Amino acid sequence: MIKNLLLAFLLLSVVPGSAADYNIINYGAVSDTTQLSTVAIQRAIDDCSANHGGRVIIPAGNYKTGTIILRSDVHLYFETGAVLYGSTNLKDYKEMKSDYQSLRTQTTTIQLIYADNVKNVTIDGNGMIDGQGSVFKKLSWNDEGITRPHLLRFIRSQDIVIKGITLKNSGCWMQHYLACDRVQLSDIKVFNRNNYNNDAIDIDGCHDVIINNVMADSDDDGITLKSTSPRLCENVVIQNCIVSSHCNGIKLGTETNGGFRNISIKGCIVKPSENQETQFFGHESKRGTSAISLEITDGGVMENIMVSDILVEGTESPIFVRMGNRARGYAEGIPVTDIGRIKGVYLNNIVVNNAGPTGSSITGLPGHPVEDVYLRNIRITQQGGCGKVAIPTDEKEKEYPEATMWGVLPAKGFFVNHARNVVFENVEVETIKQDERPVFIKLDAE
C-alpha cells in the first residue's frame with residue numbers, strides 16, 4: 001500500500017495539472033445577437049487569468065460583444081460554429097490609451113478585442129469573429145481606430161498566437177500588432193472589404209514574427225509591415241499565404257520610423273479577389289496597386305529583405321521599391337532628421353501575369369540612392385499598349401509613396417532612378433499589346 005501511494009505521489013509530481021476551462025455560458029453569455037455578452041466574456045477572461053491561465057470557451061452559437069480586454073495566460077478558444085459579433089453601437093466600445101509612444105497611440109482608440117502588455121495569449125479554434133464594421137461611417141481623414149474600431153489590437157505583448165479562426169469585417173484595420181515579440185499567425189482566413197482602411201494584417205515594430213498559411217482578402221493593403229515608432233520590424237517570416245487586395249498585396253511601409261531588417265517573404269500568391277461585387281472604398285480599380293511594395297519614407301532602415309517564389313495575377317505595378325522623404329515623426333515634437341536607407345533587397349523567382357501597363361520602379365532620391373538590389377529569375381506579362389512616355393521630372397520626395405504615383409512609367413519593365421548596384425539576371429518582360437517603351441530605363445544608376 002505504501003509503495004502504491006508513493007508511486008501515485010511521484011506520478012502527480014511529474015504530470016502537470018491541466019488548465020481549467022471557463023465557458024462563457026456559465027458566466028451569463030447568451031447566444032442571442034440582440035443582447036450583449038460583453039460582461040460575461042470579460043468575467044470569464046479575468047477569472048481565467050487570475051487563476052494562472054486556461055481556456056475561455058466560446059461555444060457554438062452567435063454572441064454579441066463590445067470591447068473585451070485580454071489578459072496574460074488566456075487561451076480564447078472558439079468551438080466549431082461559434083461566432084462572436086462586434087456591436088454596431090459605438091457606446092459599447094471602450095476608449096483605450098496605451099503609454100507606449102507611437103504614431104497610432106497619440107489618442108484614445110477603440111477596439112473589439114484589445115491587449116496591452118500581456119504575455120502568452122492564444123486565440124484559436126474553428127469559429128469566427130465578425131466586427132460588422134460596415135456600419136461605422138468614415139468621419140475624417142484619419143479616424144481609423146477612433147470612430148471606427150479595429151477588430152484585434154495587441155500592444156507591446158509577447159508570445160501571441162492567432163490560429164485557425166476566421167476574421168471578418170472590421171471597421172478599419174483588421175488586426176494591429178504593435179511592438180510585440182514572438183507573434184504567430186497561422187491558418188487563419190481574413191475577409192476585410194466593408195469599409196475604408198480595411199487592411200488584413202498590420203505588423204508594426206514587432207520582432208520574431210511568423211505569418212504562415214494565411215488567406216486574406218482586403219480592400220486596402222493585404223499583409224503589411226509598419227514601423228510607427230523607433231522600433232524596427234525585425235526577423236519576420238511571411239510564407240505560404242494567398243493575398244487578394246485592391247491596394248498593395250504585401251507591403252513594407254508606409255510608416256517607417258524604425259524600419260525593417262531580416263524579412264523573408266516566400267511561397268506566396270497575390271491575386272484578384274474572387275468576390276468582385278464588394279464595394280470599393282477609395283481605390284480606382286479592381287486591379288491591385290502593387291504585389292510587392294518596399295518603402296522607406298519616414299527615416300529608418302531597410303536591410304536584408306528576401307522575397308522569393310511569388311506568383312502574381314492581375315496587379316497594376318508588380319514591384320515598387322521606393323526611398324522617399326515624407327519625414328513624418330511618430331509623435332509631435334519628434335522630427336525625422338535622417339532620410340534613412342534601403343540596402344540589401346533580394347527578389348528571386350517571381351512570375352507575374354496580367355499586370356497593368358504601369359510598370360515597376362526602383363527609385364531613391366538625389367544623394368540618397370537605393371543600394372544593392374538583386375532581381376533574378378523574374379518574368380512579367382503585362383497589358384502594354386503604350387507609346388513613348390516622358391521621364392518623370394518631379395521627384396515627389398514628400399508625397400505618399402504609391403506604385404502609381406508617377407502614372408504610367410517610361411519603361412514597361414523597370415524604371416530605375418537614384419540607385420547603386422541594381423542587378424538584373426534573367427528578367428523578362430512581355431506585353432500583350434504592342435508597346436513602344438523600353439524594358440529598362442536607368443537614370444543616376446550604377
Side-chain angles (χ1 to χ4, degrees), residues 16-89 91-94 110-115 118-135 149-154 157 159-171 174-175 177 183-192 194 213-216:
S18 59
D21 285 346
Y22 299 82
N23 193 312
I24 64 170
I25 294 293
N26 297 334
Y27 286 83
V30 291
S31 177
D32 181 353
T33 56
T34 67
Q35 300 184 51
L36 279 172
S37 292
T38 312
V39 172
I41 297 170
Q42 190 64 60
R43 286 179 55 209
I45 290 170
D46 292 346
D47 279 2
C48 178
S49 181
N51 288 288
H52 309 294
R55 295 196 309 174
V56 173
I57 305 296
I58 313 292
N62 299 314
Y63 308 90
K64 185 174 72 170
T65 184
T67 297
I68 55 177
I69 301 171
L70 292 176
R71 314 291 187 194
S72 293
D73 302 316
V74 169
H75 178 174
L76 189 62
Y77 178 73
F78 286 73
E79 292 184 344
T80 300
V83 183
L84 190 64
Y85 288 97
S87 171
T88 57
N89 188 342
K91 294 180 180 179
D92 296 326
Y93 292 84
K94 293 183 179 179
I110 54 174
Q111 292 77 211
L112 184 64
I113 299 176
Y114 180 83
V118 301
K119 297 181 179 180
N120 189 30
V121 171
T122 296
I123 302 175
D124 72 353
N126 297 312
M128 180 170 69
I129 307 175
D130 187 335
Q132 303 193 95
S134 62
V135 302
H150 303 100
L151 192 135
L152 289 179
R153 196 177 202 203
F154 286 83
S157 297
D159 301 301
I160 307 302
V161 176
I162 313 295
K163 182 177 180 180
I165 62 172
T166 298
L167 304 174
K168 293 181 67 175
N169 303 328
S170 177
M174 177 61 73
Q175 45 194 324
Y177 304 87
V183 178
Q184 298 181 57
L185 310 179
S186 63
D187 303 300
I188 64 174
K189 294 185 285 292
V190 181
F191 187 87
N192 203 26
N194 75 142
N213 293 342
V214 169
M215 290 188 286

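Along the sequence shown, residues are numbered consecutively beginning with 1. The model shown is predicted, which means the values in this text are computed figures rather than measured ones.
- Taking the ring-ring contact (aromatic ring centres under 6.0 Å, His included) definition, one finds that Tyr93 meets it with Phe136, sequence neighbours left out.
- Legend: residues meeting salt bridge (charged side-chain N to carboxylate O under 4.0 Å, His left out) with Asp73, ordered by chain and number and at least two apart, are absent.
- By the 4.5 Å heavy-atom criterion applied to side chains, Asp124 and Val161 are not counted as neighbours.
- A cation-pi geometry, defined here as NZ or CZ lying under 6.0 Å from the six-membered ring centre and within 45° of its normal, holds between Arg55 and Tyr77.
- One N or O on the side chain of Ser157 and one on the backbone of Val118 form a donor-acceptor pair closer than 3.5 Å.
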Working for side-chain contact (heavy atoms from CB on, under 4.5 Å), residues Ile25 and Tyr63 = CA-CA 10 Å; Ile25 294 293; Tyr63 308 90; 3.7 Å; yes

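- To the nearest 0.5 angstrom, Ile123 atom CD1 is 5.5 Å from Ile129 atom CD1.
- Between Ile41 and Tyr27, the closest side-chain pair of non-hydrogen atoms is not below 4.5 Å.
- Panel note: side chain Ser72, backbone Lys119; a donor-acceptor pair is recorded below 3.5 Å.
- The NZ atom of Lys168 lies 5.0 Å from the CE atom of Met128; values are rounded to the nearest 0.5 Å.
- At a threshold of 4.5 Å between non-hydrogen side-chain atoms, the residues Thr65 and Leu112 count as touching.
- In this structure, Asn126 CG and Lys163 NZ are separated by 10.5 Å, a value rounded to the nearest 0.5 Å.
- Between atom CD of residue Gln132 and atom CG of residue Leu151 there is a gap of 10.5 Å, rounded to the nearest 0.5 Å.
- Relative ring orientation between Tyr177 and Phe154 is described as parallel, the plane-to-plane angle staying below 30° on a 0-90° scale split at 30° and 60°.
- With contacts defined as side-chain heavy-atom distances shorter than 4.5 Å, the pair Ile24/Ile58 qualifies.
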